[in-house]
Amino acid sequence: MDNRTNTIAGWVLAACVSALGLSIVSGMAFHGEKPEKMGYPIEGVEESGGAAAADKPIAARLATADPAKGAEVFKKCAACHTINQGGANGVGPNLYATLGEGIAQGKGGFAFSDALKKVGGTWDFDKMDAWLKSPRKFADGTKMTFAGLGNADDRANVIAYLNQQGSNLPLPAAPAEGAAPAAADAATKTGEAGETANVANAAAPAPGAPTVDKAAAVEAEKH
C-alpha cells in the first residue's frame with residue numbers, strides 16, 4: 001500500500017509541476033500588451049474631444065449641390081413636412097416657398113415655437129444651413145425634435161431642393177479660393193514697404209556725406 005500511495009503521490013506531483021510549467025509558458029507566449037487606444041474606431045464617427053473639421057461656406061457648397069440628391073435626403077423630413085404648393089401642415093409646417101420667407105411667419109397659421117419666433121429675419125441660405133445642421137442650437141427651445149443633418153453636402157443638396165420648390169432665389173456667388181490670403185499678403189507687403197521707407201528716412205547720413213541741414217551747413221562755413 002505504501003508503494004502504491006507513493007506512486008500516486010508522485011504522479012500527482014508531476015502533474016502539478018507540468019501544469020505550472022504549461023501555465024508559465026503559455027503566459028509568456030500569449031502575453032498581451034495594453035493597446036494605445038481602447039475600443040474600436042467607427043468610420044464616420046468623430047472622436048470625442050477632437051476638433052471638428054470646418055464646413056465650407058454654404059455658397060461654395062451650393063455651387064456643386066444636386067437638388068435630386070436633396071429630394072432623396074428630404075425623405076427624412078417627409079414624416080413631418082409636406083412641400084407641395086398648398087400642402088397641409090402636419091407635425092411641422094408645409095415647406096413650399098420657405099426660402100426668402102420670414103422665419104416663423106405665415107405657413108397657414110402654423111403654431112411656431114416662441115424660440116423660433118425670437119430668431120427673426122428671413123430664411124436665407126446661411127440661416128437654413130445653420131437650422132438644418134442643428135435646430136436646437138439655432139433656436140434653443142424649438143419644438144422641432146429632429147437632431148439635424150451633420151453632413152454638410154446633404155444640407156446643401158436639401159437647400160438646393162427646397163429652393164426649387166417655390167422660392168427660386170438666385171444662388172449666392174461662390175467665394176473665390178485664395179482671395180482672402182492674397183489680400184492679406186498684399187497688406188503685409190504694403191506694411192513692410194512702409195516700415196522700410198520709414199527706416200530709410202530716419203537713418204543717419206554716412207560719415208563724410210553732405211548734410212541736408214541748411215542751418216548746420218551755414219554754421220560749418222563760419223568755422
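The chain is numbered in sequence order, starting from 1.
Listed here is the closest heavy atom pair of S167 and T98: OG-N, 3.5 Å. Minimum heavy-atom separation, I159 to L99: O-CD1, 3.7 Å. Of all the heavy atoms in G148 and P135, the pair that sits closest is CA-CD, 3.9 Å. Shown here for T142 and S113, the closest heavy-atom pair between the two residues is CA-OG, 3.7 Å. Across every non-hydrogen atom of Q165 and I83, the tightest pair is CG-CD1, 3.5 Å. Taking all atoms of both residues into account, the shortest heavy-atom contact from A173 to A59 is O-CB, 3.7 Å.
At a threshold of 4.5 Å between non-hydrogen side-chain atoms, the residues L116 and M144 do not count as touching. Using a 4.5 Å heavy-atom threshold, the side chains of N84 and N94 count as touching. Contact check for D129 versus R61: side-chain heavy atoms found under the 4.5 Å cut-off.
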Walk me through it: do N163 and M128 pass the test side-chain contact (heavy atoms from CB on, under 4.5 Å)? CA-CA 11 Å; N163 191 45; M128 184 61 71; over 6 Å; no
What verdict does the side-chain contact (heavy atoms from CB on, under 4.5 Å) test give for K69 and D153, after you've listed the backbone C-alpha separation in whole Å, the side-chain angles of each residue and the deciding distance to 0.1 Å? CA-CA 10 Å; K69 292 181 179 179; D153 291 332; over 6 Å; no
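Expressed to the nearest 0.5 Å, how far CG of L132 lies from CZ of R155 amounts to 7.5 Å. We find the OG-CG distance between S134 and L149 to be 10.5 Å, quoted to the nearest 0.5 Å.
Applying the ring pair (Phe, Tyr, Trp, His ring centres under 6.0 Å) test to pairs two or more places apart or on separate chains, those with a residue in residues 86-125 are F110-F112, W123-W131, W123-F138. The list of salt bridge (Lys or Arg N to Asp or Glu O under 4.0 Å) pairs with a residue in residues 107-121, not counting sequence neighbours, reads E101-K107.
Judged by distance alone, the side chain of N157 and the main-chain N or O of D66 form a donor-acceptor pair under 3.5 Å. Distance alone, capped at 3.5 Å, is enough to place a donor-acceptor pair between the K143 side chain and the A111 backbone.
When each of D55, D154, D126 is checked for a salt bridge (Lys or Arg N to Asp or Glu O under 4.0 Å) with K133, only D55 meets the rule.
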